[in-house]
Structure formats: structure tokens, C-alpha cells
Amino acid sequence: MSGLFLFKVAATLLKTDQYRADFAIALYNIGKPKLALRYIHLIQPHLDNPTSLDPLKKQIAEKANLSRSALTAFLARKPVVTPLEELNALAQSGQFERIISLVENQLFQDMPDPRIWRILAQAYRMTTQVHQAQGAALAAMALAPDDVSLHILNIELLSFGGLNYLAAASAKRSLQRIPSDTRLLTTASYAFAADSRADEAIALFESADAEARKDRRFRFAYANALSDMDLHTQAQSVVLELARQNPTDEETLLNALRILNKPGGGTQMKQVIDIMDENGVKTTRVAGHFFRAMMHNNLGETDKALAILESHFDPDELASDDQANFAMIAGRLYDKVGEYDKAFEKYQFGNELHAQMAVKTGRLSPANYPARVKALTDDLLSKASDSLGAHTVKSPTDAPQVAFIYSFPRSGTTLLDTIFRTHSKIEVLEELPVIRDTLLDARFRDQPVQNGAKTEDLLRAFYDTDPELLQQFYFNNLAKYARTELDPQITYVDKMPLNTPYARLIKYMFPDAKHIFSLRDPADVVTSCFAQNFLMNDAMYHFTSIERAVALYDQIMSYWVKAEEILDIDVSYVRYEDLVTDLQKVVQPIVEGLGLPWEDGLVDFWKTAREREVIRTASADQVIQKLYTTSQGRWTRYSALTDGALAPLEPWRKHFGYA
């Protein structure tokens with residue numbers, strides 16, 4: 001349907017016989033034969049060759065089971081066209097499904113008024129039909145290319161649909177056409193940050209004129225980008241100032257809390273909540289209760305956080321991401337006080353909401369990540385005769401040493417990361433898409449990246465690229481994410497658990513690299529993934545149910561076992577349960593295997609972790625503590641998991657020595 005709208009605009013504007021005929025065929029192909037017939041009847045007198053569509057009209061009528069007399073009677077009836085004023089009234093009353101039905105049934109007529117397309121786009125958006133909304137917005141833009149509100153709508157719809165690269169690219173094009181509109185600057189800033197271009201968002205704000213920088217939303221976009229760049233002190237300063245300047249505006253205060261809500265951010269959150277309380281701001285949104293609970297949780301005030309939960313959590317509240325977040329923090333709080341079945345119930349509720357919202361809004365496709373792993377597995381098996389044992393790559397003379405940590409999320413990789421970064425000669429890249437961007441560079445080089453590129457196409461381009469150039473792509477991306485020139489005296493550790501299916505590609509690029517694989521009881525791993533409030537993407541979606549998490553674990557580990565069997569990988573295993581009981585015994589051989597001396601400060605890693613402003617991963621609030629063993633056997637606390645739900649993991653528990 002979304003592509004049909006652009007076809008409709010082309011037929012309306014260009015008015016060629018071919019475009020009009022093609023649009024009629026498109027209407028028929030999407031199951032609207034009567035609309036197609038009415039469209040042909042309407043435009044036929046205006047064609048260069050009016051009889052040219054007679055065969056098509058006859059063919060459609062026959063397939064629609066309309067006799068000649070029935071067709072004549074149908075076309076004689078005057079079609080009903082809903083005026084713009086009525087559509088506006090329906091929008092104001094929230095009758096979005098009715099708008100969609102009416103406008104879709106008016107596709108037989110020319111619709112050159114962009115306001116109709118805007119209303120349709122908003123109606124699709126409000127009913128979470130994201131792709132159709134994008135098509136309607138583009139149709140409106142084609143008719144009114146200088147309407148800034150349409151540019152903003154288009155960018156927001158792309159971001160809402162998870163198409164961050166396309167949103168950022170569209171924002172750049174829109175800024176070229178309309179360079180100084182503050183609303184567009186704000187929208188572009190958020191789009192850049194969402195596409196991991198926070199530096200561009202910051203530059204956009206700092207280069208804007210003084211009047212634009214006074215805009216509240218633009219300043220929030222700036223603070224959001226500063227936070228993404230780990231410039232948290234500056235971000236806090238911006239949002240706290242905004243909160244003080246707008247002490248009675250709930251939306252402003254909630255936006256401030258949203259940016260401040262990070263591990264260790266309880267004190268800053270309290271400043272905003274104190275402003276709310278001092279000014280009598282009533283909490284009217286789920287997010288307000290969620291942030292207040294998070295503040296107390298961050299400050300270690302579990303009882304107060306739990307009291308907010310029990311007073312304000314309403315399972316019948318409208319489904320939303322904030323409601324899902326509230327449920328997940330509820331699960332964590334019940335876990336803390338030992339009410340494990342209540343905790344599991346809340347995790348289940350929150351995960352179901354997260355999955356529902358992510359799929360309904362079109363932000364992800366559940367099949368994407370397993371399909372990617374399958375393509376990578378097929379690639380590994382198709383090259384099973386080549387261990388890469390004799391494969392060599394000439395690295396640049398000033399290239400640093402790189403090592404890779406992977407496994408599966410919640411397997412102890414963040415703990416390892418935090419320990420390693422305590423070493424004076426190790427820098428860790430924490431869950432950043434360096435490998436992904438290297439693959440995209442190999443496929444697209446200097447061309448615009450195409451969102452949703454097929455894994456098979458990326459692999460073909462990867463192997464068609466000289467390994468030396470692949471290394472250069474990798475180092476360029478490494479420097480981009482490290483935000484500094486690479487130091488050849490430093491060992492860079494690329495820590496990304498879900499890089500595991502890329503093991504062959506990593507071996508192909510870096511034949512001599514060290515690989516570190518973190519192991520943890522598979523039952524605890526899956527349980528911990530299920531209980532974690534991940535940001536949704538194609539991979540994290542699979543942790544919203546125990547069954548999907550188990551299936552993904554099986555798929556990833558099956559790949560790894562084959563990779564270890566086929567490839568000549570220099571890998572060190574770290575068992576999480578051993579790491580938390582004797583850190584030095586486990587870590588010292590790995591550090592020395594990297595050619596580095598042991599440093600006693602690694603044992604006190606948690607002190608270094610507390611000095612970091614923010615830790616990007618889900619384990620942030622755990623790795624700032626001394627080592628503890630209370631996470632072992634976590635799965636046994638939930639009765640829902642002890643009745644066989646994790647039975648499919650038993651072969652892996654035996655394989656890795658946990659059963």
C-alpha cells in the first residue's frame with residue numbers, strides 16, 4: 001500500500017497514459033478491482049488514446065465477476081468523495097480507522113491536495129501502520145516539497161519505524177532544502193543521534209543561531225546527543241537547567257528524567273523530582289511513576305521504589321513502552337526482596353508488551369536476526385574445508401593489536417570488559433557495531449548505505465574485498481567509535497557478545513587475533529536475558545520470551561561449536577562461575593596471552609568502574625560492585641522455570657559442564 005501512494009502521485013502529476021494504466025493495474029493487484037474500474041472510467045476521457053484501456057477494463061471486470069450491464073450500472077453511480085473538512089473532523093475525534101477506510105476508497109480520483117495525504121499519514125501512524133504512514137507522508141512531500149511539517153513527519157516516521165539510517169539521510173536532504181527551521185533542526189538532531197551520529201547532532205546545535213538554541217526541544221536533542229557521546233556532565237547541566245526554567249511543565253521534567261535515568265544517575269534524578277514536588281506537579285503519565293521508582297532504585301531505596309510500584313502499577317494501563325519499562329523495573333524490585341514468582345510475572349508482562357509494541361510499530365522484524373545467523377552458519381559450513389590456518393593478512397605497520405570477546409548476552413562479558421579496561425594498556429570497545437559497519441563498508445564503500453541489506457550480499461562483498469582493505473575499514477570504524485586516533489601501544493578489545501556468528505569473518509580479517517569466549521550456565525544466561533530490560537532490536541526481541549531466548553541460544557552455540565571445529569581459532573575460555581571466585585587465576589593467563597604484564601589493579605576493577613560516568617550495557621549496575629556469587633543458579637528461583645521450560649538447554653548445560 002505504501003508504494004501505491006507514490007505511484008498515485010506520479011500518475012496524478014505526470015498524467016501519462018502509461019502511469020495511469022500502471023496505477024489501475026496496481027489497484028487491481030492489491031485487491032481493489034472496483035476502485036481500478038472507477039479510476040479507469042474517470043481518467044479515460046483524458047487519455048491521449050481513450051480506447052487503449054478498454055481491454056484492461058474488460059479483463060478486470062471479468063475477474064471481478066461483473067457483467068457488462070452490472071459494470072455499466074456500477075460506473076453510472078456517482079461515487080462519494082469525502083471532503084477535507086470531514087476528514088479533519090474525524091482526525092480531531094480520533095476516528096483514524098474511519099479516515100483510512102474513506103481515503104483508501106477515494107484512490108480512484110486524483111488527490112493533489114497534500115493535506116489529505118498528511119491526514120492519512122497521521123491516521124496510519126496513530127494506528128501503528130508505519131510503512132503505510134511513510135508512503136502517505138512521501139506522497140504529501142511530493143506534492144508540497146517545501147512544507148517543513150511534511151519533512152518533519154517523514155523523518156519522524158522513519159525513526160519511529162526503526163529505519164534510523166534512512167531517517168538521518170532524509171534529515172540531511174531536508175536541511176539542504178530548508179536549512180534554518182528550528183523544528184526541522186530539532187528533528188534532524190534526534191535522527192542523527194538515533195543513527196549513532198551524535199557528533200553530527202552536537203555540531204548541528206552548536207552551529208545554529210542563538211535564537212534556535214533557545215528552543216526547548218532543540219536543547220533536549222542536544223543533551224540527548226551529549227549523553228550518547230558519553231559527555232554526561234554536560235548533558236546533565238543542560239537538562240537540569242531546562243528543568244529549573246520549566247518547573248511546572250510535566251513533559252519537560254519527564255524528558256529531563258529520561259536523559260538522567262542512567263546507572264549512578266539517582267542524585268541528578270532526585271533534583272528534578274524535587275522540582276516536581278516543590279511545584280506541585282502531578283504525575284499524569286506512567287513514565288513519571290517509572291522514573292520515580294528508578295530514582296529510588298538507583299539510590300538504593302528499594303522499599304520506596306517498591307511502594308511506588310505497588311501504588312501506581314496498573315496492568316490495565318494502555319500498552320506503551322513506558323508501561324513495559326515500569327513492569328520490568330517491577331520485576332527487578334520483586335527480585336530484590338525475594339518475591340521471585342511475582343518478579344517473573346512482571347518480567348513476563350513487560351516482555352510481552354515490549355514485543356507487542358516493537359512488532360506492531362514495525363520497528364523490527366522477528367525473523368531478521370535468526371535469518372542472519374542462519375546465513376552466517378551456511379557460509380561457515382560451505383567453507384568447512386578451509387580452516388584459514390594458512391590464511392595471512394598483512395596488517396598496517398602502525399596497527400594496534402586487537403582481541404575479541406564474545407559469547408552470548410548476560411554471560412559475563414561486561415564483567416570481563418570492566419576488568420580488562422582497568423589495565424593501563426587495554427582499551428575496550430563496549431558493544432559497538434564495528435563489525436557491522438565494516439561489512440557495510442565492504443558492500444557499499446563510498447555509496448549510500450542501503451538499510452536492510454541482505455546478509456548474503458554483504459558476505460559476497462566481504463569476500464570480494466582484499467583482507468588488507470577489510471582491516472583498514474575495521475580500524476577506521478574502531479577509531480570512529482573510540483573517538484580518538486588508534487595507539488599502536490594499546491591492545492583494543494572488541495567486546496560484543498552477538499559477534500559470535502561473525503567468528504569466521506573475524507578470523508578472515510585478523511588471522512592472528514586472540515579470541516576470548518565467556519561461559520556461564522546456559523539456564524542462568526537465558527533467565528538473565530529474559531529478566532533484562534533491553535532496548536528492542538532484531539536480536540533483543542528474542543529475549544522477550546523464554547522459548548525464543550532458548551531457540552536463539554541453541555542457534556548461536558550451534559554455530560560456535562561448528563566454528564571451533566572448523567576454524568583454527570586461538571581462543572581462551574572464561575567460566576563466569578570461576579571468574580567470580582578467583583579473578584586473578586582466571587584473568588592473568590589471558591592478559592599475559594595478550595603479551596601484556598599482569599597489573600594488580602585488575603583485582604579492584606570495581607573501583608575503576610565506579611569512576612566511569614556510564615556503562616553502556618545491561619550489567620552496568622552490577623560491575624560497579626565487588627565480585628559476588630548470588631547470580632549463580634538464578635533460574636532455580638522461579639517456579640515457572642523449574643517445571644521444564646529450560647529443558648531444551650540441558651544438552652548445552654552438559655556440553656559446557658554445568659549438568
Side-chain angles (χ1 to χ4, degrees), residues 369-370 372-373 376-377 380 402-421 428-436 493-507 510 513-532 534 537 539-540 542-543 548-567 569-580 583 586-587 589-590 593-594 615-620 622-623 631-632 634-635 646 649 651-659:
Y369 191 74
R372 190 181 315 157
V373 177
L376 291 163
T377 303
L380 172 74
V402 290
F404 298 87
I405 296 178
Y406 38 56
S407 176
F408 199 80
R410 309 298 293 167
S411 294
T413 55
T414 299
L415 177 56
L416 264 180
D417 149 10
T418 310
I419 294 168
F420 282 139
R421 73 171 63 240
V428 182
L429 274 293
E430 186 181 22
E431 300 196 11
L432 293 166
V434 185
I435 295 294
R436 180 205 68 182
V493 176
D494 186 342
K495 172 249 176 175
M496 173 69 93
L498 291 177
N499 271 350
T500 303
Y502 294 106
R504 190 182 198 281
L505 307 189
I506 292 170
K507 174 72 176 177
F510 296 101
K514 305 292 183 180
H515 303 256
I516 302 159
F517 197 92
S518 184
L519 282 176
R520 184 184 177 193
D521 185 336
D524 281 336
V525 168
V526 166
T527 300
S528 188
C529 286
F530 179 74
Q532 196 58 52
F534 289 113
N537 58 35
M540 299 301 107
H542 293 273
F543 302 143
R548 285 192 291 268
V550 167
L552 187 60
Y553 187 92
D554 179 71
Q555 189 182 23
I556 296 286
M557 292 304 156
S558 295
Y559 173 94
W560 174 252
V561 167
K562 284 294 182 183
E564 192 179 23
E565 176 186 314
I566 293 168
L567 301 174
I569 299 178
D570 185 353
V571 59
S572 298
Y573 281 96
V574 174
R575 189 176 289 264
Y576 171 80
E577 293 80 4
D578 295 339
L579 179 63
V580 297
L583 185 153
V586 173
V587 175
I590 297 174
L594 294 172
I615 298 167
R616 292 179 178 275
T617 73
S619 305
Q622 297 162 325
V623 296
S631 291
Q632 296 180 33
R634 179 181 182 180
W635 68 278
L646 297 178
L649 289 175
W652 289 115
R653 298 188 75 228
K654 291 177 182 177
H655 179 85
F656 292 125
Y658 288 98

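Bear in mind the structure is a predicted one, so any value in this text is a computation, not a measurement.
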task: Indicate the atoms forming the closest heavy-atom contact of Ala513 with Phe404, along with that distance.
output: CB-CE1, 3.9 Å

statement: Looking only at heavy atoms, the pair that brings Ser528 and Arg410 closest together is OG-NE, 2.7 Å

task: Sequence neighbours left out, what passes side chain to side chain contact (heavy atoms under 4.5 Å, CB included) with Asp570? Give chain and number order.
output: Lys514

query: How would you list, by chain and number, every residue that makes a side chain to side chain contact (heavy atoms under 4.5 Å, CB included) with Pro370, sequence neighbours excluded?
result: His542, Gln555

Under the side-chain hydrogen bond (donor to acceptor under 3.5 Å, both in side chains) test, which residues partner [X], sequence neighbours left out?
X	value
Tyr559	none
Tyr502	none
Arg575	Tyr658
Arg436	none

[X] side chain vs [Y] backbone, donor-acceptor pair below 3.5 Å:
X	Y	answer
Asp524	Arg634	yes
Ser518	Ser411	yes
Arg504	Leu567	no
Glu430	Asp417	no
Thr500	Ser407	yes

Counting C-beta onward and ignoring hydrogens, is there a side-chain heavy-atom pair between [X] and [Y] closer than 4.5 Å?
X	Y	value
Cys529	Tyr553	no
Leu579	Leu416	yes
Phe517	Trp560	yes
Ile569	Ile506	no
Val561	His655	yes
Leu649	Val525	no
Ile556	Tyr406	no
Leu498	Met540	yes

- request: Please work out which of the three classes, parallel, tilted or perpendicular, describes the rings of Trp652 and Phe656, given edges at 30° and 60°.
  value: parallel

- request: Go through the steps for Tyr369 and Asn537 under the test side-chain contact (heavy atoms from CB on, under 4.5 Å), then give the verdict.
  value: CA-CA 9 Å; Tyr369 191 74; Asn537 58 35; over 6 Å; no

Atom pair [atom1]/[atom2] of [X] and [Y] - distance to nearest 0.5 Å:
X	Y	atom1	atom2	result
Leu380	Leu376	CG	CG	9.0 Å
Leu505	Phe510	CG	CZ	12.0 Å
His515	Ile405	NE2	CD1	12.5 Å
Leu552	Phe543	CG	CZ	5.0 Å
Asp494	Leu429	CG	CG	6.0 Å
Asp521	Arg653	CG	CZ	4.0 Å

- request: Could you please spell out the steps behind the side-chain contact (heavy atoms from CB on, under 4.5 Å) verdict for Lys495 and Ile516?
  value: CA-CA 9 Å; Lys495 172 249 176 175; Ile516 302 159; over 6 Å; no

field: Val571 vs Glu564, side-chain contact (heavy atoms from CB on, under 4.5 Å): CA-CA, chis, key distance, verdict
entry: CA-CA 9 Å; Val571 59; Glu564 192 179 23; 4.3 Å; yes

